[in-house]
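Note that the structure is predicted; figures quoted are calculated from it, not measured. Letters go in sequence order (proteins before strands), and every chain restarts at 1.
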Amino acid sequence: MPAAAQDGRWLAVAMLAAVALVWSTPLLWMTVAAFRPQNFGGLDMASLLPDFAPTLANFAEALDSADFARLYLNTLAVCAGILSVQLATVTLAGYAFARLQFRGRDLVFYLFLLQLMIVPPVLIVPNLVTIVGLGLYDTLLAVMAPYFASAFGVFLMRQTFRTIPRDFEEAAMVEGANWAQIVWRVLVPLARPGMVAFAIVSVTAHWNEFLWPLMVISNPDNHTLTIGLASFTRGAESASQWGVIAAGTFLVAAPLLAAFTLFQRQFVNSFLFSGVK
Amino acid sequence: MVETTAEMGMEARWTWRGPSLAWALLAPSLLFLLLFTYWPIAQSLAQAMRIETFGSDAVTWGFGNFERLFEDASFRRAATNNVVYAAGTMLPSIALALALAVGLQESTRFNATLRAVVFFPVLLPLVAAAALFLFVFLPGIGLLDYYLGKLGVGRTNWIGDPDIALWSLIGLTVWKNAGYYMLFFLAGLQGISTDLYEAARLEGAGAWGRFRRVTLPLLGPTTAFVAVIALINAVTQVDHVVVLTKGGPSDSTNLMLFYIYQQAHENYDYGKAAAATVLSLAALLTLSALSLRTLERGVHYES
């Protein structure tokens, strides 16, 4: 029996390792191919063995054919803009749901719940009409606006506030603090873990977003990384420059992959939080 | 300020703490929800029912847009594709995520590395994943064909063959999302008390028996929750369609949201786009409500 159990264990480990091997190949290939000389034999392009003379030529070509600096700046602006407005809206609403009694609270709560299912991507067409009507078409603000309210963030903050004992607030109240001071000086510092979790999920989502910016942006000066990558890929694909595509993809993906490697635990906890909805 | 009597201060604050403060705090969120969630829903409904006759200003109301939609072979194809795509991505990615979570739940260095490897694709933009898979799917010299060729499998036109293309996109999606769902199962597993496994072991249950009789039922709520997320992903993520296939060949990879995008952005047919949006919203709401009911039942079961 122990021998059979031992065999089963090895089989499981072998299968897990096989899955991990298959899972890692696309990203492994991306890294190897990005640093590979361009005159590399076309037929062995899929080889996963690193080249002995790594080169930055693919990166140079990628940086040459798309304005990555501008794409990075635009994407950063979009992520930062969305996050800062979101932090304000979700903190205020989260506090209201966690601490205040008012008529219609359950109904409003369900109204918020609706956004968890009817996520903005399904509403791209009517939202485009609204954006045009507001005169925001082809601006970065248009990319951000539909995400300023976040039901997910409101629930997350509500849960986070609820885990904070009321003693702190009551102590502050006795000392004469008003609600704004209580939220800002007492609750917000204590709710930081929830806010960090929300920030990671929000930035990841909007760093990676594609269809909505594609819809509301036309001027290349306002392109975000994903749109830039898509149009850049189209060009490189027709020229079969796979190394350049790998380098471009590497440039787009690297910041988040690096952040994850550095703050692995924090990332994992945040994504789990996104399940607490 | 502290000098004012605490009593009076409390009094004043408590009146401010009534409904007006609550509504003031909710107002910013509600304003944006109104603009970009409730209004567009209403607008889609209105637009879907609105019929403009070409060359005249007269507007009539009715189900004409829906009729035109159902007559459109591309729409029917996109709807069926999306059902296949949803089922085809949900089942394998959830099963795989569960298997990986069970296999990798112990915190060893080896397991942590494998978990990170499976989780990496989650952080990649779908557009970037699609750009990489342009090469993965490249006939003959791409990653898949290169290594399958060494195993003696001939070349395959992964995204150019209408019979295979949708399944290739399904494969890409499973690769991208399984690691995300694995996280929830890992968290769910941590919530299961080891006493239950011990009890099952004492009753003579083997590894499979313990999995079937303890793990699986107790992960019910997690599974229902993951299913909702996976469903929403299957309806709202079409970036890979845009980059890899544009819905082709011959509509074999057209999904509903891409169809909506095409109608609005390429054909300027807002009536049809709105009708398709309304149907998608209805499907999303119905299916999520059903899954959430299952979810709640699961929670009762657990307590």
Side-chain angles (χ1 to χ4, degrees), chain A residues 12 16 20 23-27 29-30 42-43 45-46 89 92-93 95-96 100 102-103 108 114-115 117-123 125-127 129-130 145-146 148-149 154 173-176 178-179 204 208 210-211 215 226 229-230 233 237 242 245 249 252-253 256-257 260 268 271-272 275, chain B residues 1-2 6 9-10 13 17 19 21-22 25-26 28-29 32-33 35-37 39-41 43-44 103-104 114 116-118 120 123-128 131-132 134-136 141-143 146 175 180 183-184 187 225 232 236 238-239 243 257 260-261 264-265 273-274 277 280-281 284-285 288:
Chain A
L16 289 169
W23 242 244
S24 64
T25 38
L27 288 176
W29 174 80
M30 171 184 83
L43 286 178
M45 192 64 214
T89 59
L92 297 178
Y95 174 76
L100 303 179
F102 55 96
R103 199 191 297 262
V108 185
L114 203 61
Q115 199 210 21
M117 291 166 203
I118 302 181
V119 286
V122 191
L123 299 170
V125 176
N127 276 344
V129 177
T130 308
F148 283 161
V154 170
M173 215 181 284
V174 169
E175 286 180 22
N178 60 31
W179 72 267
T204 310
N208 295 347
F210 175 63
L211 197 62
M215 210 129 173
T226 48
L229 180 66
T233 303
E237 184 202 1
W242 303 108
I245 290 185
T249 313
V252 171
L256 281 182
L257 293 181
F260 172 74
V268 168
F271 278 96
L272 281 178
Chain B
M1 260 188 283
V2 190
M10 292 281 264
R13 274 190 301 277
R17 290 191 125 216
L21 175 61
L25 297 179
L26 292 176
S29 289
F32 291 118
L33 284 177
L35 269 175
F36 296 107
T37 300
W39 169 247
I41 294 174
Q43 216 236 343
S44 302
L104 299 174
L114 293 200
V117 164
V118 178
F120 262 141
L123 296 166
L124 213 59
L126 188 50
V127 172
L132 284 182
L134 269 176
F135 183 74
V136 172
I141 55 173
L143 267 178
Y146 182 81
W175 175 77
Y180 184 45
L183 281 192
F184 297 107
F225 174 75
I232 293 180
T236 61
V238 295
D239 305 358
V243 174
L257 187 56
I260 293 173
Y261 168 81
H265 212 247
T277 302
S280 303
L281 291 178
L284 250 188
L285 275 182
S288 309

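- The shortest non-hydrogen separation linking A:Met215 to B:His265 is O-NE2, 3.9 Å.
- For A:Thr204, the part lying near chain B is the side chain, with the backbone staying farther off; criterion is any non-hydrogen pair under 4.5 Å.
- Proximity to chain B (any heavy atom under 4.5 Å) is shown, for A:Ala230, by both the backbone and the side chain.
- Only the side chain of A:Ile245 comes within less than 4.5 Å of a heavy atom of chain B; its backbone N, CA, C and O stay farther away.
- For the pair B:Leu126 and A:Asn208, the minimum side-chain heavy-atom distance is 4.5 Å or more.
- Looking at B:Leu183, both its backbone and its side chain come within 4.5 Å of chain A, counting heavy atoms on both sides.
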Practice task
Determine, stepwise, if the pair B:Phe120 / A:Trp23 fulfils side-chain contact (heavy atoms from CB on, under 4.5 Å).
Solution key: CA-CA 9 Å; B:Phe120 262 141; A:Trp23 242 244; over 6 Å; no
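- Counting heavy atoms from C-beta on, the side chains of B:Leu134 and A:Thr233 come closer than 4.5 Å.
- Between B:Phe36 and A:Thr130 there is a side-chain heavy-atom pair separated by less than 4.5 Å.
- Here the CD1 atom belonging to A:Ile118 is positioned 4.0 Å from the CG atom belonging to B:Leu285, to the nearest 0.5 angstrom.
- The two residues A:Met117 and B:Ile232 make their nearest non-hydrogen contact at CA-CD1, 4.2 Å.
- The shortest distance between side-chain heavy atoms of B:Leu124 and A:Leu27 falls below 4.5 Å.
- When A:Leu256, A:Thr25, A:Val125 are compared by the number of non-hydrogen pairs under 4.5 Å with chain B, A:Val125 comes out ahead.
- Most heavy-atom pairs under 4.5 Å with chain B: of the set A:Val129, A:Val119, A:Leu114, A:Val154, this distinction falls to A:Val129.
- Proximity to chain A involves both the backbone and the side chain of B:Val117, based on heavy atoms less than 4.5 angstrom apart.
- At least one side-chain heavy atom of A:Trp179 sits under 4.5 Å from a side-chain heavy atom of B:Leu21.
- Put simply, OG1 on A:Thr249 and CG on B:Leu132 are 4.5 Å apart, with the number rounded to the nearest 0.5 Å.
- Using cut-offs of 30° and 60° on the angle between ring planes, the pair A:Phe148 and B:Phe32 is perpendicular.
- In plain terms, the two heavy atoms of B:Gly103 and A:Leu16 that are nearest each other are O-CD1, 3.6 Å.
- Interatomic distance, B:Asp239 CG to A:Leu229 CG, rounded to the nearest 0.5 Å: 11.0 Å.
- Here OG1 of A:Thr89 is found 11.5 Å from CG of B:Leu25. Values are rounded to the nearest 0.5 Å.
- Residues B:Leu143 and A:Pro26 approach most closely at CD1-CA, 4.1 Å, considering heavy atoms.
- Taking each heavy atom of B:Leu257 and A:Val122 in turn, the nearest pair found is CD1-CA, 4.3 Å.
- Most heavy-atom pairs under 4.5 Å with chain A: of the set B:Pro28, B:Ala128, B:Ser29, this distinction falls to B:Ser29.
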Problem - Evaluation steps, side-chain contact (heavy atoms from CB on, under 4.5 Å), between B:Val127 and A:Val252 - result: CA-CA 10 Å; B:Val127 172; A:Val252 171; over 6 Å; no
